[in-house]
Structures are given as C-alpha cells and as structure tokens.
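A quick write-up on the structure given underneath.
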Amino acid sequence: MTEARVVVGMSGGVDSAVAALLLKQQGFDVVGVFMKNWDDGNDDACTAAEDHDDVRSVCDHIGIPYYTVNFTREYHDRVFRYFLDEYAKGRTPNPDILCNTEIKFDAFLNFALKIDASALATGHYARVEQTAGTVRLLRGADPNKDQSYFLHALKPEQLSRVLFPVGSMLKSEVRAVAREAGLPNAEKKDSTGICFIGERDFRAFLSRYLPATPGDIVTESGTVVGSHEGCMGYTIGQRKGLGIGGKGDGRPWFVLDKDVQRNRLIVAQGDDHPLLWSSELVALNPTFISGRAPAPDGVSFRSAAKIRYRQPDQACACVVEGSSIRVTFDRPQRAVAPGQSVVLYDGDVCLGGAVIESTAR
RNA sequence: UGGGGUGUCGCCAAGCGGUAAGGCACGGGACUUUGACUCCCGCAUCCGUAGGUUCGAAUCCUGCCACCCCAG
C-alpha cells in the first residue's frame with residue numbers, strides 16, 4: 001500500500017516548487033516533471049537550461065525524483081500553429097489559454113495518468129472545488145495573482161484531475177514558504193512572456209515566422225501618417241512602436257483597427273477616440289465549466305467579465321445565441337481585440353468563456 | 001540673386017540679453033505566465049553657419065547657407 005502519486009509540472013519557478021513541496025509534506029508520492037516544449041535552437045536555450053537546472057536543484061532539495069518530458073511537437077502543432085494562423089489573420093490570440101487546454105492539461109495530464117499518477121499539480125493561482133460530482137474553478141485567493149483567466153477553457157474531466165496547491169495562498173505566503181524551506185529559487189523573479197517561449201522582442205520574434213510586409217499607417221479618413229513593417233506585429237489599442245511623433249495635436253497615437261487586406265494599420269490620436277471603445281462583443285463557441293450556460297439559449301443573464309488577463313471585473317449582460325455569446329457591458333471597454341478571450345465570473349466562480357470574434361459600439 | 005519670411009533634440013514647439021520648457025517619438029526600467037494598456041526614469045553644454053556687440057546672447061548686429069512665400 002503506497003501513497004497516491006502526484007505529478008507536479010515544474011517550471012523552475014517558486015510557485016511550482018512550493019506546490020511540490022507542499023504535496024510532499026502532505027505525504028503524496030510526488031514526481032517532479034519539467035516540460036520542454038519549445039526549441040528554436042539557440043538564443044533561448046540558456047533560460048530554458050537555467051529553468052531546468054532550477055527544477056533539478058529544487059527536486060533534489062525536496063527529495064523527489066524528477067524527469068523531463070518533451071512536447072515540442074504537440075506544442076507546435078496544437079498551440080503555435082494556431083497562434084501564427086491567428087496573427088496572419090490580423091487577430092490577437094492568447095496562446096497560453098490554448099497551452100493549458102491542449103498541452104499542460106491534456107498531453108501532459110495524460111502522461112501523468114500513464115505513469116500511474118492520480119492527479120496532476122501545477123503552481124497556478126486558482127482553486128478547484130469538487131463536490132458531489134461537480135467541479136468548479138475558483139479564482140486564486142491572491143487577487144493580484146489570480147490565473148483563472150488562463151484556465152477558464154478547461155473541461156470538468158480535466159479539472160477533476162488537477163491540484164493547485166498554491167491557489168489558496170498569497171504570493172507573499174508562497175515566497176515565505178519557499179524561504180523557510182530553503183528552496184534554491186525562493187527569490188527567483190517571476191517569469192513572464194508566452195509560456196514555454198518566454199520574454200521576447202515580440203515583433204522581431206513574429207517576423208521570424210510570418211512575412212513582415214511594410215505598409216501604411218493611416219487615420220480613419222485615410223490620411224497616411226506613418227509606415228509599419230508588418231501589421232501583424234501590432235494589436236488594437238497599441239501605442240508603442242508606431243513611430244508617429246509630432247503630428248496632429250501632439251497626443252499619442254493608438255491602433256484602432258487592422259486592415260489585413262490592404263496591409264494597413266488604422267490609428268487615431270488620443271485614447272479617448274470613440275472607435276477605441278466598444279460596449280458589446282460577440283464571442284464564438286463559449287465553453288462553460290459547469291457544462292452549460294447560466295441561462296437558456298436566448299435568455300440574458302448578468303455576469304462579470306474580463307477581456308484580458310488582470311483586468312478588473314466588468315459588469316455585463318450576456319446571452320448565448322446558438323454557437324456564440326453576446327456580451328454587453330455596462331461601461332464601454334477599451335481596445336477589445338478579436339482573438340482574445342472574454343472570461344465570465346460569478347463572484348469567485350469562473351464560469352467559462354469564449355474567443356472574441358467581433359465588437360459593436 | 002527684387003521684396004518678405006523662417007531656420008531650437010527624429011517630429012511639433014516654448015524661449016524676446018542672464019546662462020535651452022513641454023508634448024510626441026525613441027531608449028531603459030517597473031508591472032505582467034498572451035498581445036497590449038499603464039507607471040517611472042532617461043533623452044539638445046547647445047539653439048543653420050561664420051564673425052561682431054556685451055560682464056554675459058538661442059535671444060541684438062553683420063556676412064554666408066538652406067528652405068518657404070510674393071513678385072518675376
């Protein structure tokens with residue numbers, strides 16, 4: 001009779017390290033696993049190697065075995081290709097959401113089950129609550145670190161196999177635990193950037209995979225005010241990188257829209273421009289963690305939504321219409337970008353979400 | 001080659017004899033498991049150029065250069 005085995009996805013950061021530590025202390029048969037899902041040969045090799053080293057030393061410190069798995073192929077086929085396709089269409093995808101549904105909690109979860117683990121744990125700041133056959137996803141206890149936004153598309157079958165040991169903790173508590181336990185990465189800086197790919201000069205990175213064709217930057221009336229080197233490198237609401245200075249009334253310029261057909265960026269001066277704000281959006285193929293929408297098809301229900309990670313909750317009314325959902329906000333939202341996800345909440349409960357398709361005033 | 005005007009950071013623009021505002025752009029940092037937004041810091045020893053006046057000039061004077069406008 002042995003303890004239940006749990007696989008912990010180790011990134012090299014403190015959060016997953018503490019997750020592994022806590023599970024070990026709780027008596028689980030913990031196995032640390034490092035995922036290497038990206039490989040572009042050279043430049044990023046160093047940080048990936050550092051992360052791997054951190055995983056090794058953390059696992060040694062905690063006293064658990066560790067392995068490395070490689071889902072480079074899966075990541076490329078199921079996440080990165082979509083990522084590029086979306087950018088090619090002029091949209092702004094969120095690869096990390098897909099990475100969770102397709103890689104971490106699918107390919108990787110299956111790997112964990114295959115080596116006889118009963119669950120997969122990660123260092124995500126979110127909570128899973130299971131009661132009488134139902135699963136709920138709750139925000140992380142630390143409002144400043146909550147990552148439920150990235151997990152909203154998981155299915156109940158996936159969530160029921162998942163543990164988030166640090167989800168009920170504050171970041172400061174996680175760091176304190178790491179320090180007390182003497183974990184080698186206790187003070188390691190939080191990582192950002194696309195998961196598994198890391199922090200990059202975004203436009204330069206994209207141009208390695210998508211042809212960057214120079215084009216005009218125009219105002220909504222068609223006046224050319226600048227030029228860009230590939231409009232896929234910009235997103236709605238973006239200010240930096242336009243290189244337009246000294247024109248008009250002196251205020252900064254923002255991207256209002258992208259005209260992929262004509263390879264043009266449409267911009268306006270001042271972030272109070274009406275075309276930068278919309279109070280309604282339509283998103284496709286909504287998924288709900290409970291398995292069904294809070295209200296029947298065609299019936300409106302109130303909710304709180306996020307258009308992007310770390311955005312404060314926005315009060316709204318939603319209505320599912322066939323394979324899409326229409327969200328109408330109480331207050332207009334800035335720079336709603338097709339390709340990004342709208343995620344719905346009811347208090348601390350994450351209901352689900354959908355990928356934004358279009359907006360309306 | 002008659003007249004008038006203008007030349008200050010990549011762009012726009014203060015300054016009007018007392019020793020170079022500000023905005024945009026850009027660079028760096030903070031924030032951040034997407035892309036963005038936001039915030040903070042930095043950014044002309046020098047004012048088209050050569051002289052002159054003055055204790056002292058980007059600010060006054062003169063020559064030259066460049067551009068613009070009106071005349072031709």
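Side chains are part of it too, since the values below use all heavy atoms of this structure and drop only hydrogens, waters and symmetry mates. Throughout, protein chains are lettered first and strands after them, A, B, ... in sequence-line order, and every chain is numbered starting at 1.
Here the side chain of A:Y309 is nearest to one of B:U32, B:C37, B:A36, namely B:U32. Nearest to the side-chain atoms of A:F254 among the listed nucleotides B:G35, B:U34, B:U38 stands B:U38. When distances are taken from the side chain of A:Q238 to each of B:U34, B:A36, B:C26, the shortest belongs to B:A36. Closest to the side chain of A:T92, from the set B:U32, B:G35, B:C37, is B:G35. Taking the side chain of A:D96 as heavy atoms from C-beta on, and the options B:U34, B:C37, B:G35, the nearest nucleotide is B:U34. Checking B:C37, B:U32, B:G35 against the side-chain heavy atoms of A:R310 singles out B:U32 as nearest.
At the heavy-atom level, A:K145 lies under 4.0 Å from the strands shown only through sugar-phosphate atoms. No engagement by A:G233 is indicated, since no non-hydrogen atom pair under 4.0 Å with the nucleic acid exists.
Taking atom NZ of residue A:K240 and atom C1' of nucleotide B:U32, one finds them 17 Å apart after rounding to whole Å. Distance A:Y149 OH to B:U32 C1': 13 Å, rounded to the nearest Å. As a whole-Å value, the separation of A:L242 CG from B:A36 P is 12 Å. One interatomic measurement links the two molecules: CD1 of A:I244 to P of B:G10, which rounds to 19 Å at whole-angstrom precision. Between A:L206 atom CG and B:U34 atom C1' there is a gap of 11 Å when expressed in whole angstrom units. We find that CG of A:D146 is positioned 13 Å from C1' of B:U32, with the value rounded to whole Å. Protein atom CD1 of A:I97 is 14 Å distant from nucleotide atom C1' of B:A36, rounded to whole Å. We find that CG of A:N37 is positioned 17 Å from P of B:U34, with the value rounded to whole Å.
Between A:T92 and A:Q340, the side chains place no donor N or O within less than 3.5 Å of an acceptor N or O (distance only, hydrogens not considered). For the residue pair A:D313/A:Y345, the side-chain donor-acceptor check at 3.5 Å is not satisfied. Judged by distance alone, the side chains of A:Y234 and A:R203 do bring a donor and an acceptor atom under 3.5 Å apart.
Judged by Watson-Crick or G-U wobble contacts below 3.5 Å, the nucleotide B:A44 has no partner. Using Watson-Crick or G-U wobble geometry with both donor-acceptor distances under 3.5 Å, B:U38 finds its partner in B:A30. Nucleotide B:A57 forms no Watson-Crick or G-U wobble pair with any nucleotide shown, as no partner meets the under 3.5 Å limit on both distances. With both pairing distances under 3.5 Å, B:C9 is matched to nothing as a Watson-Crick or G-U wobble pair.
Looking at A:R251, its side chain has no donor and acceptor atom pair within 3.5 Å of the base of B:G23.
Here, B:C9 and B:C47 have their P atoms 10 Å apart, quoted to the whole Å. Here the separation of B:G27 from B:A66, taken at their P atoms, is 35 Å to the nearest Å. To the nearest whole angstrom, the two C1' atoms, one in B:C43 and one in B:A20, are 14 Å apart. Nucleotides B:C26 and B:U32, compared at atom C1', are 23 Å apart to the nearest Å. For the C1' atoms, the distance from B:A50 to B:U38 is 49 Å, rounded to whole Å. The same atom, P, is picked in B:G10 and in B:G51; the two are 23 Å apart, to the nearest Å. Nucleotides B:G3 and B:A21 place their C1' atoms 36 Å apart, quoted to the nearest Å.
Cluster partners of A:V319 are absent, since no Ile, Leu, Val, Met, Phe, Trp or Tyr has side-chain heavy atoms less than 4.5 Å from it.
Classified by interplanar angle (parallel below 30°, tilted 30° to 60°, perpendicular above 60°), the ring pair A:F80/A:Y75 is parallel.
Between A:R239 and B:C24 there is a side-chain polar atom (N or O) within less than 4.0 angstrom of OP1 or OP2. When the side-chain nitrogen and oxygen atoms of A:K189 are compared with OP1 and OP2 of B:C31, one or more of them lie within a distance under 4.0 Å. Side-chain nitrogen and oxygen atoms of A:N94 include none within less than 4.0 Å of the OP1 or OP2 phosphate oxygen of B:A36.
The main-chain N or O of A:R262 is found under 3.5 Å from a side-chain atom of A:D259 such that the two form a donor-acceptor pair.
For the pairing with A:Y87, the ring pair (Phe, Tyr, Trp, His ring centres under 6.0 Å) check across A:Y209, A:F202, A:Y82 returns one residue only, A:F202.
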